Amino acid sequence: QVQLVESGGGLVQPGGSLRLSCAASGSIVSIYGMGWYRQAPGKQRELVATITSRGSTNYADSVKGRFTISRDNAKNTVYLQMSSLKPEDTAVYYCNADIVSVTEPTFKHDDYWGQGTQVTVSS
């Protein structure tokens with residue numbers, strides 16, 4: 001059974017930084033794209049950043065130049081370094097990954113989500 005576990009959220013002042021981590025575990029064969037999404041109260045979930053297995057990245061315009069996504073394929077982990085945080089960055093941040101795993105007697109290719117981690121930017 002594949003699981004994504006996020007960590008690193010919390011309360012930070014405007015202009016501050018946080019680093020989110022998301023580790024995938026289970027009978028994983030390979031991980032393709034990974035990404036971070038966020039959902040603020042009363043709003044739809046939106047894309048923050050994605051990264052392919054080869055390291056190509058994509059960012060929402062609202063976070064370009066402030067956030068950096070990276071991954072460690074050996075650890076099945078994706079990171080989101082957030083800097084120059086603004087109050088409008090406050091949201092629950094979700095990790096997402098496209099994973100092939102062993103599901104005896106075959107394989108399963110599916111899209112997985114973490115449980116979410118709260119990021120609050122406030123003075």
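Heavy atoms only: backbone and side chains are in, while hydrogens, waters and symmetry mates are out. Not measured: the values here are computed from a predicted model. Position 1 is the first residue of the sequence, and the numbers go up from there.
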Is the shortest heavy-atom distance from the side chain of [X] to the side chain of [Y] under 4.5 Å?
{"X": "Val2", "Y": "Lys108", "result": "no"}
{"X": "Ile31", "Y": "Ile28", "result": "yes"}
{"X": "Pro87", "Y": "Pro14", "result": "yes"}
{"X": "Val48", "Y": "Tyr59", "result": "no"}
{"X": "Ser30", "Y": "Val100", "result": "yes"}
{"X": "Leu18", "Y": "Val119", "result": "yes"}

Are [Y] and [X] linked, directly or through intermediate hydrophobic residues, by side-chain heavy-atom contacts shorter than 4.5 Å (ILVMFWY only)?
{"X": "Tyr37", "Y": "Tyr93", "answer": "no"}
{"X": "Leu47", "Y": "Val92", "answer": "yes"}
{"X": "Val12", "Y": "Leu20", "answer": "yes"}

Would Arg19 count as a cation-pi partner of Tyr79, with NZ or CZ less than 6.0 Å from the six-membered ring centre and within 45° of the ring normal?
yes

For the [atom1] atom of [X] and the [atom2] atom of [Y], what is their distance to the nearest 0.5 Å?
{"X": "Thr57", "Y": "Lys64", "atom1": "OG1", "atom2": "NZ", "value": "9.5 Å"}
{"X": "Leu4", "Y": "Ser25", "atom1": "CG", "atom2": "OG", "value": "8.0 Å"}
{"X": "Asp111", "Y": "Ile99", "atom1": "CG", "atom2": "CD1", "value": "8.5 Å"}
{"X": "Ser83", "Y": "Leu85", "atom1": "OG", "atom2": "CG", "value": "7.0 Å"}
{"X": "Ser21", "Y": "Arg71", "atom1": "OG", "atom2": "CZ", "value": "14.0 Å"}
{"X": "Cys22", "Y": "Tyr112", "atom1": "SG", "atom2": "OH", "value": "13.0 Å"}

Applied to residues 43-54, the side-chain hydrogen bond (donor to acceptor under 3.5 Å, both in side chains) test, sequence neighbours excluded, yields Arg38-Glu46

Return yes if some donor-acceptor pair links the side-chain N/O of Glu6 with the main-chain N/O of Gly116 below 3.5 Å, else return no.
yes

Looking at residues at least two apart in the chain, or sitting in another chain, which of them share a ring pair (Phe, Tyr, Trp, His ring centres under 6.0 Å) with Phe107?
none

Does the pair Asp89/Lys86 count as a salt bridge with the N-to-O cut at 4.0 Å?
no

Going by the angle between their ring planes, with limits at 30° and 60°, are Trp113 and Tyr94 parallel, tilted or perpendicular?
perpendicular

For a side chain to side chain contact (heavy atoms under 4.5 Å, CB included) with Trp36, tell me which candidate from Ile51, Leu80, Val63, Asn96 qualifies.
Leu80

Taking everything shown except Gln3 itself, do over 12 heavy atoms lie less than 6.0 Å from its CD?
no

Is the count of non-hydrogen atoms from other residues, nucleotides or ligands lying under 6.0 Å from Glu88 atom CD greater than 12?
yes

For residues Ile69 and Met34, report the shortest heavy-atom separation together with the two atoms involved.
CD1-O, 4.2 Å

Please walk me through it: do Ser17 and Met82 pass side-chain contact (heavy atoms from CB on, under 4.5 Å)?
CA-CA 5 Å; Ser17 299; Met82 304 185 293; over 6 Å; no

Applying side chain to side chain donor-acceptor pair (under 3.5 Å), can you list everything that pairs with Thr120, at least two apart in sequence or on another chain?
Gln118

